[in-house]
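Here is the structure we will look at.
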Protein chains: 2
Amino acid sequence: MTTEQLDTREASLWQDLMAFSTLMPAAIEEELRRDAGLSLFEFSVLALLARSPERTETMSRVAESTHVSASRLSHAAARLEERGLIERTACPTDRRSVFAVLTDAGLEKLEVSLPIHTAGIRRVVLDALDDADRDHLARILATLLRHDRIGGEACATDEA
Amino acid sequence: MTTEQLDTREASLWQDLMAFSTLMPAAIEEELRRDAGLSLFEFSVLALLARSPERTETMSRVAESTHVSASRLSHAAARLEERGLIERTACPTDRRSVFAVLTDAGLEKLEVSLPIHTAGIRRVVLDALDDADRDHLARILATLLRHDRIGGEACATDEA
DNA sequence: GCGCATTAGTTGACAGTTCAAGTGTTGCCG
DNA sequence: CGGCAACACTTGAACTGTCAACTAATGCGC
């Protein structure tokens, strides 16, 4: 467990990493929130359900895929449900589980917000990078996410 | 304003970017919070003040450097002040401004948390990357942060 | 030097998140 | 099959962040 001070290059890399992790999601969320009334997290939930068979996924899988706590998802789901964008139904095979289902209204909302979201990603991230940069970045992120020490124990990006 | 759907590579890059921006700060904050009782943001404020002449900086400069709203900083500063880690004093030359000053207790707290923080950054980020990766990443982040569209209007990393 | 836009910061109500505790269900060991 | 740990989820309280409204000081055009 090296505790040696960061040198100038390391410190600057860290600074930029933090700045980016703060500013980038904020920049993309802003428009989404203003024009569609969705936080980035809420959008991710709807988008995930839309991709799922039957527009349905268990709460735990949604939480896992979006990297949030069960509690946070539960509260958010309550709000989305209240807005009529999702519904929660009992899972027949495992009665501990709860299905989150995207409603028609939720799908509509998603379809309205999708272009806003996509444009944001292009504007903030993709437009700034050429193909080589994208490849480098993708490879580096894969390395960082595969690197055990990032999510307590288990790791991200498993395509079970 | 291109609204064209993201292709597979673009979507996966976006996914990984989001995952990283969520998981990385969380991973580093966890230890810091547990062992030092500081959020990453609070730590950044203390660290910034420690680097400043007289351990002092105006609130606006702190807010700018840490990329947060004036309001968020104001609330956080109230809590830090209550804990005795910083003090707020009037600025003599511009009476609108308020100086945030790191107290001795704040400096001590910072010194205790610094090694935890540093170890976290090494463990979560630096250890995973070789020199070439670090250079690539630094260059890509610089590009992204310079790219106008990330902080409303103005841009980050100005060393005025 | 008056008026007004701008800047610096705070405040309070509200929304969202975390944390710890709770319910009910399932897997599984003996 | 009885008991108990682990799992899936929810809840409410405490905390943190956001938003809009506010105070106060400054710069500036004329």
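Any value given below was found using the heavy atoms of this structure, including those in side chains, with hydrogens, waters and symmetry copies removed. Lettering follows sequence order; numbering is per chain, from 1. Source: prediction; values computed, not measured.
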Gap between atoms [atom1] and [atom2], on [X] and [N] respectively (whole Å):
X	N	atom1	atom2	value
B:Arg34	C:dA20	CZ	P	12 Å
A:Arg61	D:dC9	CZ	C1'	16 Å
B:Glu30	C:dC19	CD	C1'	13 Å
A:Glu82	C:dG16	CD	C1'	14 Å
A:Glu29	C:dT17	CD	C1'	13 Å
A:Leu40	C:dG16	CG	P	14 Å
A:Arg83	C:dG16	CZ	C1'	13 Å
A:Arg88	D:dA8	CZ	P	17 Å

TODO: Tell me, yes or no, whether the heavy-atom count around B:Arg9 atom CZ, taken from other residues, nucleotides or ligands under 6.0 Å, exceeds 12.
DONE: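 Counting other residues, nucleotides and ligands, CZ of B:Arg9 stays at 12 neighbours or fewer.
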
Open item on the list: Take a 6.0 Å sphere around CD of B:Glu81 and say whether it holds more than 12 heavy atoms from other residues, nucleotides or ligands.
Closed with: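 Buried by this count: over 12 neighbours within 6.0 Å.
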
Open item on the list: Consider side chain to side chain contact (heavy atoms under 4.5 Å, CB included). Of B:Ile116, B:Leu110, B:Ile28, which one does B:Phe43 pass it with?
Closed with: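 Exactly one pass, corresponding to B:Leu110.
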
So do the side chains of [X] and [Y] get within less than 4.5 Å of each other, counting heavy atoms only?
X	Y	result
B:Val45	B:Leu102	no
A:Trp14	A:Glu10	no
B:Leu144	A:Met24	no

Task: Proximity to DNA chain C (any heavy atom under 4.0 Å), residues of residues 45-60 of chain B only - done: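 Result for residues 45-60 of chain B: B:Thr58, B:Met59, B:Ser60, sorted by number.
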
- [ ] Tell me whether the guanidinium CZ or amine NZ of B:Arg72 lies under 6.0 angstrom from the six-membered ring centre of B:Phe41 and within 45° of its axis.
- [x]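 Yes, B:Arg72 sits over the ring of B:Phe41.
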
Task: Distance-only side-chain donor-acceptor flag, A:Glu57 / A:Ser52, under 3.5 Å - done: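 Looking only at side-chain atoms, A:Ser52 and A:Glu57 do form a donor-acceptor pair, the distance falling under 3.5 Å.
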
Task: Charged N-O contact under 4.0 Å between A:Glu42 and A:Arg83 - done: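 Looking at A:Glu42 and A:Arg83, the cut-off is met.
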
- [ ] At under 4.0 Å between heavy atoms, which parts of nucleotides 17-28 of chain D does protein reach? Answer with one letter per nucleotide, 5' to 3': B base, S sugar-phosphate only, - none.
- [x] SBB-----BS--

